[in-house]
Amino acid sequence: MNKSDGCRCIATELYGAKPSSVVVTTPIYYINGAPHIGHAYASIAADVIARFHRLDGSKVHLSTGTDEHGIKVARSAETIPMDVQKFADQMSDKFREMNRAINLSEDDFIRTTENRHRESAQALWKLLEKDIYKDTYSGWYSARDEEYVAAEDVVDGNAPSGAPVEWMEEESYFFRLSAYQDRLLDYYDKHPDFIAPPSRRNEVINFVKNGLRDFSISRNKFDWGVPVPDSNDHVMYVWIDALANYITSLGFPHNREYVSEMMANCIHVVGKEILRFHAVYWPAFLMSAGISVPKRVFAHGWWVSEGQKMSKSIGNVVDPFEIIEKCGIDSLRYFLLREIRFGEDGDFSNDAFQRRISYDLANDLGNLVQRVLVFIQKLDGRLSVNYDFSSEEQILFVHARGLWDSLRQLMEKQDLHGALCCIWDLVSESNKFINDMRPWELARTDVRRLNAVLTTLCESIRAIAFGLAPFMPGTARKIFDFMNVEGKSFRELSINFSDVRFDPPAPLFPRER
RNA sequence: CGCGGGGUAGAGCAGUUUGGUAGCUCGCCAGGCUCAUAACCUGAAGGUCGGAGGUUCAAAUCCUCCUCCCGCAACCA
């Protein structure tokens, strides 16, 4: 199903297969709103991580999906009015559309309204029962908004929305999170890479150190949710329901050993706003249920637009579909992951976007590929065998061959930004190599050497395309197609390109006229 | 005194752990090349490293105080 799969044999042969399993997840997105750039960003990042590991020889399971329960969804459907399940179907489809648009290589799309998930969430609940008890949940409730309001947010007896609040009490099930404080701190201590980036890790540890309170995990004021097992009037309130998606996707409650094993290799990509639930609640649930805690929770940052928070009234909302339509998905994928370090917040400005597309993609990468391949066309699209590599060529050769190992180290830390920088170092070096080698002169003076130079460049471009494949699958594919290297093994290619028929290239990132 | 991160060239950042000529990208200026999507390559200019004090032969880097900005501070799907 993956376009990259064709490259996999090359990777395996090239760098040695790493026969391991990796689970990568995006958050499941709440369907109360349409997909926006934040959703696209999280999913693209997870996709790159998943594609990288696939190419690196691992067995990968990438899951994504939609979170469809809760009062807000029920209310949105009512106001249309529309059957709530139909509403959920419709909204969920929009996220599937997004996945197609961003070229997501998901292995599973999970919906919390599916039977398999209901079964999974309820089974998880049952496993947690020793830590669940019934009590009274109380707080300031806004009847108009139909939701509880945090005490700090209540001003003069009103919710932030302006609606009046009243003190409300209701029966609720609670999870004994307080019992997990020490175990969690111990886990963070023994697994320093569990939470990334490190600044976020400190936040979480500090939060836990300040003391954990049990929290409410059910509601009986609405029924659009997974019913609590053995209860007539309670549905699960968000977290057990939502977080359980990750194990649902792995087949829970069946094959629990397998699920647990896979969770230990799991990388959760989440937004910083839901880090706590993934780094505190979720491991506590899993510990209670006797399932392995995930390997890593990576919290990404938020994008603003032109230096300001995106808002419809300012009119600076970045629409991923619009950008993809106009500039192509690979440009968007590149920008989002190259512009800022993964984990930081970013500013999506039109100028910055255009600059990246124009300079990095068209000028550096696109032009490199173009100038080399066009040159080869002048040799009738063929390179002759030539083993006579000078030291300059050998240096570039070594760097090209070392790229994947460098990327592997960076990707181990989910340093997507660093990985792209690393690839572009090779792009720059290759461009410089052309300037230094002056192939246009060699064409007149030393055709033998010219072949060596171009062969070296092809080797570098091949490595670049390969490194690029997880980030910009379409672009990598185009490069491979120009070089007709489909089905070729690395060893054949790296010795010479003599049996490769090069097609006439077309600019990878054409300039707008 | 809640906890934490940060203030380095016009912009965005690295360097601070293990003190020793201040670095990267973009922008700006000049030059080179001409194979290529007028792309590419090289060089120069530009910073008293938030402020004050201290330790030291030597501090962006260590210590103290001050100041400004930003995260986190639980029921947020």
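Predicted model only: the values in this text are computed from it and were never measured. Below, chains carry the letters A, B, ... as their sequence lines are ordered, and counting in each starts from 1.
In this structure, A/E273 atom CD and B/A77 atom P are separated by 10 Å, rounded to whole Å. The CD1 atom of A/I434 sits 13 Å away from the P atom of B/C35 (whole-angstrom rounding). A straight line from CD of A/Q377 to P of B/A36 spans 12 Å, rounded to a whole angstrom. In this structure, OH of A/Y188 is placed 20 Å from P of B/C3, rounded to the nearest angstrom. Here the C1' atom of nucleotide B/A36 and the CZ atom of A/R438 are 15 Å apart, to the nearest Å. Rounded to whole Å, the distance from CD1 on A/I461 to C1' on B/C35 is 12 Å. What separates CZ of A/F353 from P of B/C26 is a distance of 18 Å, to the nearest Å. Rounded to an integer number of Å, the gap from CD of A/E344 to P of B/G5 is 14 Å.
Centre separation under 5.5 Å together with a plane angle under 30° does not hold for the ring of A/F215 and the six-membered base ring of B/C75, so they are not marked as stacked.
You'll find that the side chain of A/F375 is closest to B/C35, out of B/C35, B/G4, B/C75. Comparing B/U37, B/C35, B/C26 against the side chain of A/R355 picks out B/C26 as the nearest. Considering only side-chain atoms of A/N202, the nucleotide from B/G4, B/C76, B/A74 that sits closest is B/G4. Comparing B/C41, B/C35, B/U37 by their closest approach to the side chain of A/K432 singles out B/C41. When distances are taken from the side chain of A/N435 to each of B/C41, B/A36, B/A74, the shortest belongs to B/C41. When each of B/A39, B/C35, B/A77 is scored by its nearest atom to the side-chain atoms of A/F222, the top-ranked nucleotide is B/A77. Closest approach to the A/S428 side chain among B/A36, B/U37, B/C41 is made by B/C41 (side chain taken as heavy atoms from C-beta onward). Closest to the side chain of A/Y148, from the set B/C76, B/C40, B/A77, is B/C76. Listed candidates were B/G71, B/C76, B/C35. Nearest to the side chain of A/E203 is B/G71. Taking every side-chain heavy atom of A/Y137 into account, B/C75 is the closest of B/A74, B/U37, B/C75.
A 3.5 Å limit on both hydrogen-bonding distances identifies B/G2 as the Watson-Crick or G-U partner of B/C72. Partner assigned to B/C24 is B/G12, using Watson-Crick or G-U wobble distances below 3.5 angstrom. In this entry B/A45 has no Watson-Crick or G-U wobble partner, no candidate having both defining distances under 3.5 Å.
Using a cut-off of 4.0 Å between Lys/Arg side-chain N and Asp/Glu carboxylate O, A/D345 and A/K272 are scored as salt-bridged. A salt bridge does not link A/R111 with A/E114: every distance from a Lys NZ or Arg NE/NH1/NH2 to an Asp or Glu carboxylate oxygen is 4.0 Å or more. Salt bridge status for A/D193 with A/K413: absent, with no side-chain N to carboxylate O gap under 4.0 Å.
Considering CD of A/E119 and OG1 of A/T248, their distance stands at 9.0 Å, rounded to 0.5 Å.
When the C1' atom is compared between B/A44 and B/G31, the two are found 10 Å apart, to the nearest whole Å. Taking atom C1' on both nucleotides, B/A58 is separated from B/U21 by 12 Å, rounded to a whole Å. On the P atoms, B/G51 is 36 Å away from B/C41, given to the nearest whole Å. A gap of 33 Å separates the C1' atoms of B/G50 and B/G43, to the nearest Å. On the P atoms, B/U64 is 15 Å away from B/U55, given to the nearest whole Å. Nucleotides B/C26 and B/C33 have their P atoms positioned 22 Å apart, rounded to a whole Å. Only the C1' atoms considered, B/G15 is 14 Å distant from B/G47, to the nearest whole Å. Taking atom P in both B/A14 and B/A9, the straight-line distance is 13 Å, to the nearest Å.
Between A/F207 and A/W224, the residue anchored closer to the 5' end of RNA chain B is A/F207, taking for each the nucleotide with the nearest heavy atom. Two residues, A/R219 and A/D364, neighbour RNA chain B, and the one matched to the more 5' nucleotide by heavy-atom proximity is A/D364.
Contacts of A/G211 with the nucleic acid, taken as non-hydrogen atoms under 4.0 Å apart, include base atoms. Contacts of A/K209 with the nucleic acid, taken as non-hydrogen atoms under 4.0 Å apart, are absent. When heavy atoms are screened at a 4.0 angstrom cut-off, A/D347 is found touching no nucleic acid atom at all. Residue A/R200 is classed as a sugar-phosphate contact, given heavy-atom separations below 4.0 Å to backbone atoms only. Using a 4.0 Å heavy-atom distance criterion, A/N363 is classed as a sugar-phosphate-only contact. Contacts of A/S216 with the nucleic acid, taken as non-hydrogen atoms under 4.0 Å apart, include base atoms. Residue contacts for A/Y359: at a heavy-atom cut-off of 4.0 Å it reaches the sugar-phosphate backbone alone, with no base atom in range. Using a 4.0 Å heavy-atom cutoff across all strands shown, A/L368 reaches no nucleic acid atom at all. Counting any heavy atom pair closer than 4.0 Å across all strands shown, A/D360 reaches no nucleic acid atom. Using a 4.0 Å heavy-atom criterion, one finds that A/I28 contacts no nucleic acid atom at all.
At least one donor-acceptor pair closer than 3.5 Å links the side chain of A/N245 to the backbone N or O of A/A242.
Here the two rings, on A/Y29 and A/H39, have centers that are under 6.0 Å apart. Ring to ring, A/F194 and A/Y187 are close: their centroids are under 6.0 angstrom apart. Proximity of the aromatic rings of A/F285 and A/W125 is defined here by a centroid distance below 6.0 angstrom, and this criterion is not met.
Dashed line: the shortest gap from a side-chain N or O of A/Y281 to OP1 or OP2 of B/C76 is not under 4.0 Å. A/K272 has no side-chain polar atom (N or O) that falls below the 4.0 Å cut-off from OP1 or OP2 of B/C72. A sub-4.0 Å separation between OP1 or OP2 of B/U34 and a side-chain N or O of A/R371 is absent.
Remark: of the listed residues A/L368, A/N431, A/L396, A/L396 is the sole one forming a side-chain contact (heavy atoms from CB on, under 4.5 Å) with A/L426.
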